There are 2 protein chains.
Amino acid sequence: MAKNCNFIDKLREVGLRPTKQRVKMCEVLFNREKTFHFTINDLVKMISEQMNQKISLATVYNTVHAFEKKGYLKEISIDSHKSYFDTNTSIHHHFFDEDTHELIDCDESDIDPVNIKKNITGKKINSVEVLIKVASDNQTQK
Amino acid sequence: MAKNCNFIDKLREVGLRPTKQRVKMCEVLFNREKTFHFTINDLVKMISEQMNQKISLATVYNTVHAFEKKGYLKEISIDSHKSYFDTNTSIHHHFFDEDTHELIDCDESDIDPVNIKKNITGKKINSVEVLIKVASDNQTQK
DNA sequence: AATATACATTATAATAGTTCTAAACTATTG
DNA sequence: CAATAGTTTAGAACTATTATAATGTATATT
Ligand SMILES: [Mn+2]
Ligand SMILES: [Mn+2]
Ligand SMILES: [Zn+2]
Ligand SMILES: [Zn+2]
């Protein structure tokens, strides 16, 4: 449980009060080997299970958005019918599995830098991200 | 008004009845020089203005989805808070202006082919699309 | 440690975007 | 000119998200 102290400090650093809901949320989100993608519903389920009690949906929304504003989380728009968040807040590319609706991060080394030859006058480029949609290869070839 | 006949034929070809709502929708969507991006609300407004009468929201939704299924329209996921559609149904890249929330198509020649070095086993790549987020360049440099 | 304050959580209500429903309407077929 | 199948419509229902306001908790002040 030494990890919790880290989260309390981390929360304090960015001016968020370390309530038990937020610390638990940090555990669920950040106390893991690899970054991951989730929906609000996923998250509510995970937190409720780990706390053995309900957490208010509004709190999850508010806190996710607070984390987003502080740069702890990033919103990913892949499917207009669903909102995905990402604990990997860097600019990065994704595979999207159209069968399972699963998002998979693309390593820097998996894709060559994208070369953009045009620019919009008066505008600067903030990010360049690639989305690769994949689906199962059931070609039933004769 | 010779164009309308084209739309009637076009609709028949794909098995949609050429009702006056659908023909009007075709005019608004396809009777123009360049392809464009729109939201359902944009479209309802445009159609209502051009018909000088209300069109049911349900009809616009239903017909947009019918067109989408038939491959006349493509849904674009840029902003999970809003659904954009595109009359350019090809696989293509976009600039997204974060100031105005405007989508701009990227010409094939504006960007070098994206080279993907990894693949997901058992999955084939269906599309590779790049999203370039831009914003005004007010660097107020001294 | 007790109190005051600011901030957070909660249940619930409100909103907005989208889809469903069933009745009225229209295009097509015979 | 029916009969039929498909379409439009208004409005209800549904879902995701945000707002509200009362209650609770963390922190600062004494
Ligand atoms: Mn958001
Ligand atoms: Mn859709
Ligand atoms: Zn990611
Ligand atoms: Zn486009």
Side-chain angles (χ1 to χ4, degrees), chain A residues 4-5 7-29 38-45 47-48 50-70 72-73 75-85 101, chain B residues 4-5 7-28 37-45 47-48 50-70 72-73 75-85 101:
Chain A
N4 285 7
C5 292
F7 292 136
I8 290 173
D9 294 346
K10 195 178 177 186
L11 286 166
R12 283 228 177 81
E13 269 168 31
V14 294
L16 295 175
R17 282 193 180 168
T19 61
K20 73 174 193 293
Q21 289 86 349
R22 279 178 181 158
V23 172
K24 175 53 71 180
M25 200 174 269
C26 281
E27 281 179 47
V28 172
L29 290 175
F38 62 93
T39 65
I40 295 286
N41 269 5
D42 294 341
L43 190 54
V44 170
K45 238 175 274 175
I47 294 168
S48 297
Q50 291 208 18
M51 290 208 303
N52 290 337
Q53 63 172 292
K54 292 268 162 292
I55 185 171
S56 164
L57 191 57
T59 296
V60 177
Y61 271 105
N62 291 340
T63 309
V64 163
H65 284 130
F67 284 164
E68 189 187 4
K69 192 180 296 178
K70 297 296 182 182
Y72 286 7
L73 291 176
E75 192 168 3
I76 307 282
S77 297
I78 257 68
D79 178 345
S80 53
H81 306 222
K82 234 178 187 178
S83 229
Y84 287 86
F85 290 86
H101 281 204
Chain B
N4 286 8
C5 293
F7 291 135
I8 290 172
D9 293 346
K10 195 178 177 185
L11 286 165
R12 283 228 176 81
E13 269 167 31
V14 293
L16 295 175
R17 282 190 182 171
T19 62
K20 74 172 190 299
Q21 290 86 347
R22 280 180 182 157
V23 172
K24 174 55 69 180
M25 198 173 272
C26 281
E27 282 179 48
V28 170
H37 308 100
F38 62 92
T39 65
I40 295 286
N41 269 7
D42 295 341
L43 190 54
V44 170
K45 240 176 272 175
I47 294 169
S48 297
Q50 291 208 20
M51 289 210 303
N52 291 337
Q53 61 172 294
K54 293 266 160 295
I55 185 172
S56 163
L57 191 59
T59 297
V60 176
Y61 271 105
N62 290 339
T63 309
V64 163
H65 283 131
F67 283 164
E68 189 188 4
K69 192 179 297 178
K70 295 297 179 180
Y72 285 8
L73 291 176
E75 192 167 5
I76 306 283
S77 297
I78 257 67
D79 177 347
S80 54
H81 306 222
K82 234 178 186 177
S83 230
Y84 288 84
F85 291 86
H101 281 203

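Heavy-atom basis, side chains included; hydrogens, waters and symmetry copies ignored. Note that the structure is a prediction, hence the values are computed from the model and not measured. Protein chains get the first letters and strands the later ones, always in sequence-line order, with residue 1 at the start of each.
Between the Asp42(A) side chain and the Thr39(A) main chain, a donor and an acceptor come within less than 3.5 Å of each other. The backbone N or O of Arg17(A) lies less than 3.5 Å from no partner atom in the side chain of Arg12(A), so there is not a single donor-acceptor pair.
With sequence neighbours excluded, the residues satisfying ring pair (Phe, Tyr, Trp, His ring centres under 6.0 Å) with Tyr72(B) are Phe30(B), Phe67(B).
Taking each heavy atom of Met51(B) and Lys54(B) in turn, the nearest pair found is CE-O, 4.2 Å.
Distance CD (Gln53(B)) to P (dA10(D)): 10 Å, rounded to an integer number of Å. One atom, OH of Tyr84(B), and another, C1' of dT18(C), lie 17 Å apart when rounded to the nearest Å. Taking atom CG of Leu11(B) as the reference point, atom P of dT7(D) lies 10 Å away to the nearest angstrom. Counting to the nearest Å, the C1' atom of dA26(D) and the NZ atom of Lys20(A) are 12 Å from each other. Between Leu43(A) atom CG and dA16(D) atom C1' there is a gap of 15 Å when expressed in whole angstrom units. In this structure, Asn41(B) atom CG and dT18(C) atom C1' are separated by 11 Å, rounded to whole Å. As rounded to whole Å, 8 Å separates atom P of dT8(D) from atom CD1 of Ile55(B). The NZ atom of Lys69(B) sits 13 Å away from the C1' atom of dT19(C) (whole-angstrom rounding).
Looking at heavy-atom distances under 4.0 Å, Leu57(A) makes contact with a base. Counting any heavy atom pair closer than 4.0 Å across all strands shown, Thr59(B) reaches a base atom.
Gln21(B) has a side-chain polar atom (N or O) that falls below the 4.0 Å cut-off from OP1 or OP2 of dT9(D). Taking only side-chain nitrogens and oxygens, His65(B) comes nearer than 4.0 Å to OP1 or OP2 of dT19(C). Between Thr19(A) and dT9(C) there is a side-chain polar atom (N or O) within less than 4.0 angstrom of OP1 or OP2. For the OP1/OP2 pair of dT17(D) and a distance below 4.0 Å, the side-chain nitrogens and oxygens of Tyr61(A) include at least one atom meeting the criterion. Put simply, Arg12(B) has a side-chain N or O that comes within less than 4.0 Å of OP1 or OP2 on dT28(C).
For Arg22(A) against dA8(C), no side-chain N or O and base N or O form a donor-acceptor pair under 3.5 Å.
In the set dT9(C), dT18(C), dA10(D), dT18(C) carries the atom at the smallest distance from any side-chain atom of Ile40(B). Taking only side-chain atoms of Pro18(A), from C-beta outward, the nucleotide of dT10(C), dG11(D), dA26(D) with the closest atom is dA26(D).
Sequence order on DNA chain C of the closest nucleotides to Lys82(B) and Arg17(B) puts Lys82(B) first from the 5' end.
Between Phe85(B) and His65(B), the ring-plane angle classifies as perpendicular under the 30° and 60° cut-offs.
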